[in-house]
Amino acid sequence: MDAKNKNSSNENLYPPVIAVLGHVDHGKTTLLDSIRKTNIAQREHGGITQKIGASEIEIKHEGKSRKITFIDTPGHEAFSKMRGRGVKAADIALLIVALNDGVKPQTKESIELLKKSKTPFIVVLTKSDLPDVNVEKVKQQFLKEEITLESYGGDVPSIEVSAKSNHNVKELLDLILLIYDVNSEKFTFSEKKELEAIVIESKLDLRAGPKATVVIKNGTIRVREEIWAGKIKAKVRSIVNDKGIQLKEVTVGQAVEILGFEETPEVGEIVTAKFEEKKELVEIPLEIQEQEPHEIQDEMPTFIICADTYGSLEALIESLPKELKIASSKTGDIESSDVLYAKSIGAVILGFNIKIKPDVLKLAETEKVLLRNYSLIYEMIQEVEDLLEGKRLAMLEQVYGRAKVLASFPFEKTKALGITVLEGRIAKGDHVRLMRGEEIIGESHVNSVRIGKDPTSKIEKGEEAGIIISPLLDFTIGDMLICHN
């Protein structure tokens with residue numbers, strides 16, 4: 001084989017980029033767990049995938065080592081735009097449908113996205129291990145959506161899998177590569193072409209700076225090179241894959257996190273090797289507009305929104321009530337400047353999957369600024385709707401006291417925390433947040449307060465006591481406890 005043919009053959013073996021779509025709770029992340037041998041589903045709050053994640057696997061296929069890159073798109077209805085991005089960035093899609101549930105609203109939405117993008121896809125029927133599932137009934141539901149599966153004489157392949165038992169998981173991976181190879185003429189990728197990548201997630205890391213997760217469609221990205229995401233320049237400081245490994249260069253089909261952008265690029269932005277006008281490879285309608293304080297009506301609360309990533313921020317603003325008045329929105333943690341700005345305009349601060357430092361909480365309490373942090377989007381939506389209906393107290397987090405962990409000792413079948421109260425009071429029944437520096441370890445409740453062997457209802461500033469919290473958190477000496485409502 002000459003060099004030319006060898007290069008051509010290698011180009012056909014670039015990792016296909018696979019988007020995973022479907023209705024919430026239909027087993028998307030669990031299936032990927034089975035494929036990747038990871039434990040992502042259990043680590044996510046409430047079992048719901050809430051941001052686009054990418055990962056790469058390697059398997060043996062027809063005697064060759066082949067790689068596949070997966071984009072796990074969220075199933076919650078609030079993330080329809082993020083799912084749309086996943087399809088646009090992908091070569092092939094997996095449409096996940098649980099056999100015990102059938103075609104659902106987000107399934108139909110995903111079908112429309114696939115039709116518009118003309119992306120080849122496989123219908124993956126999950127939870128095949130469950131008893132009394134009606135496979136044919138579910139397959140027939142696709143006919144109503146104008147999708148004809150191969151088993152009914154159509155051109156859309158389908159496969160029944162079980163992530164629990166690994167039934168047909170390897171066969172699914174082989175099917176992905178078969179479809180990719182059959183459609184290889186459509187995928188004219190090359191590491192020798194000009195760089196073209198897509199930002200599928202971005203965020204501002206307060207320590208490291210702006211970060212962006214990108215999928216490379218053509219060309220190569222190397223450390224120390226200059227790249228552009230639209231009008232935002234980056235000198236690549238580091239390239240990290242899904243396993244946390246630092247890489248010197250990456251090419252077609254790989255998904256990695258890039259550090260070195262001067263600003264946080266928008267999700268869906270096109271990454272190139274030189275500055276140029278935005279290409280229309282990905283359609284990302286995004287309208288997050290900052291409203292001037294004078295535009296906000298007195299009768300309607302004003303909000304400042306801080307989210308962990310740009311994708312989450314967009315999803316939040318898209319799903320919150322349309323009448324909401326948003327003074328500003330950003331990625332990154334809530335800072336003192338946000339509290340002072342909220343104070344000046346009478347705003348409520350909403351955080352999503354971010355950190356709130358103890359000094360920021362203290363400032364908010366002093367300035368009487370309402371702020372809340374959430375890990376589940378539907379909880380935020382519900383409380384905002386309550387607030388708009390006049391239930392203002394639903395948004396208030398009142399801090400009752402702060403304490404420091406001084407000791408740990410066994411008590412019956414659990415552990416007790418020896419604490420000293422630094423501010424306010426600690427009382428039985430309080431909600432308690434365990435902090436380690438700026439990191440939130442978890443939330444719990446105070447079940448018991450004792451001074452020596454004597455139980456008491458509460459202790460005040462300057463007092464020491466032993467407390468029992470439930471559930472028991474992984475505390476250590478020096479941690480801080482913040483009691484709140």
Side-chain angles (χ1 to χ4, degrees), residues 25 27 29-30 33-34 36-50 129-130 163-165 308 351-358 361-362 365 372-380 382-383 394 396-485:
D25 288 336
T29 306
T30 307
D33 282 347
S34 179
R36 299 176 300 203
K37 304 302 180 186
T38 62
N39 205 24
I40 292 174
Q42 292 184 23
R43 290 204 303 267
E44 288 168 357
H45 294 284
I48 299 174
T49 305
Q50 301 189 82
D129 56 292
L130 295 179
K164 185 177 181 180
S165 66
D308 57 343
F352 183 76
N353 273 342
I354 49 85
K355 297 175 182 177
I356 307 175
K357 299 177 183 178
L361 277 173
K362 179 65 176 176
E365 181 184 4
R372 290 283 278 171
N373 191 24
Y374 303 85
S375 57
L376 289 172
I377 188 171
Y378 54 77
E379 288 183 354
M380 177 187 283
Q382 182 60 59
E383 291 205 359
L396 176 62
E397 177 174 273
Q398 182 177 354
V399 176
Y400 298 132
R402 294 176 175 83
K404 185 176 182 179
V405 179
L406 300 178
S408 169
F409 48 90
F411 181 81
E412 296 181 353
K413 295 183 179 181
T414 185
K415 288 183 180 180
L417 295 76
I419 65 169
T420 181
V421 181
L422 303 179
E423 298 178 31
R425 92 302 184 271
I426 307 296
K428 182 178 178 181
D430 281 349
H431 292 271
V432 64
R433 179 178 299 124
L434 183 67
M435 304 284 297
R436 186 167 300 149
E438 297 177 4
E439 182 183 3
I440 299 175
I441 303 302
E443 299 277 347
S444 187
H445 294 84
V446 178
N447 274 7
S448 174
V449 181
R450 291 174 180 262
I451 299 177
K453 296 183 179 180
D454 300 323
T456 184
S457 60
K458 67 178 179 179
I459 52 175
E460 306 285 351
K461 180 179 178 179
E463 294 183 312
E464 296 184 359
I467 66 169
I468 303 295
I469 61 173
S470 179
L472 180 64
L473 301 175
D474 184 22
F475 70 92
T476 188
I477 307 304
D479 286 351
M480 298 296 295
L481 291 172
I482 299 174
C483 285
H484 59 93
N485 63 333

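- The salt bridge (Lys or Arg N to Asp or Glu O under 4.0 Å) test applied to Glu379 returns no partner, not counting sequence neighbours.
- Closest of all the heavy-atom pairs between Val449 and Ala465 is CG1-CB, 4.3 Å.
- Electrostatic pairing of Lys458 and Asp430 does not count as a salt bridge here, judged by no charged N lying under 4.0 Å from a carboxylate O.
- The side chain to side chain contact (heavy atoms under 4.5 Å, CB included) test applied to Met435 returns Pro358, Arg433, Ile440, Met480, Ile482, not counting sequence neighbours.
- A pairwise comparison of heavy atoms in Ala407 and Ile477 identifies CA-CD1, 3.4 Å as the closest pair.
- Counting only distance, with no hydrogens or angles, the side chain of Asn373 and the backbone of Lys355 share no donor-acceptor pair below 3.5 Å.
- Minimum heavy-atom separation, Cys483 to Val446: SG-CG2, 4.3 Å.
- With sequence neighbours excluded, the residues forming a side chain to side chain donor-acceptor pair (under 3.5 Å) with Arg436 are Asp479, listed by chain and number.
- The line from CG of Leu417 to CG of Leu472 is 7.0 Å long, rounded to the nearest 0.5 Å.
- Not counting sequence neighbours, Lys461 has no partner by the salt bridge (Lys or Arg N to Asp or Glu O under 4.0 Å) test.
- Pairs passing the side chain to side chain donor-acceptor pair (under 3.5 Å) check and including a residue from residues 414-423, sequence neighbours excluded, read Lys362-Glu423, Arg402-Glu423.
- Distance alone, capped at 3.5 Å, is enough to place a donor-acceptor pair between the Ser444 side chain and the Ser470 backbone.
- Contact between Arg450 and Ser448 at its shortest, heavy atoms only, is NE-OG, 3.8 Å.
- For Glu463, there are no side chain to side chain donor-acceptor pair (under 3.5 Å) partners, not counting sequence neighbours.
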Open item on the list: If you apply the rule side chain to side chain contact (heavy atoms under 4.5 Å, CB included), what do you find for Asp308 with Phe352, and how did you get there?
Closed with: CA-CA 6 Å; Asp308 57 343; Phe352 183 76; 3.9 Å; yes
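- Remark: Lys428 engages no residue in a salt bridge (Lys or Arg N to Asp or Glu O under 4.0 Å) (not counting sequence neighbours).
- For residues 439-477, the pairs satisfying ring-ring contact (aromatic ring centres under 6.0 Å, His included) are His431-His445, with sequence neighbours left out.
- For the pair Val405/Thr476, no side-chain contact is recorded, criterion being any heavy-atom separation below 4.5 Å from C-beta on.
- Checking Glu443 against His484 by side-chain atom types alone, a donor-acceptor pair falls below 3.5 Å.
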TODO: Show your reasoning for whether side chain to side chain contact (heavy atoms under 4.5 Å, CB included) applies to Ile419 and Ile459.
DONE: CA-CA 10 Å; Ile419 65 169; Ile459 52 175; 4.0 Å; yes
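- Judged as a ring-ring contact (aromatic ring centres under 6.0 Å, His included), not a single pair has a partner in residues 447-471 (not counting sequence neighbours).
- Remark: Asp129 engages Ser162 in a side chain to side chain donor-acceptor pair (under 3.5 Å) (not counting sequence neighbours).
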Open item on the list: Determine whether Leu434 and Val432 satisfy the following criterion, side chain to side chain contact (heavy atoms under 4.5 Å, CB included), listing intermediate values before the conclusion.
Closed with: CA-CA 7 Å; Leu434 183 67; Val432 64; over 6 Å; no
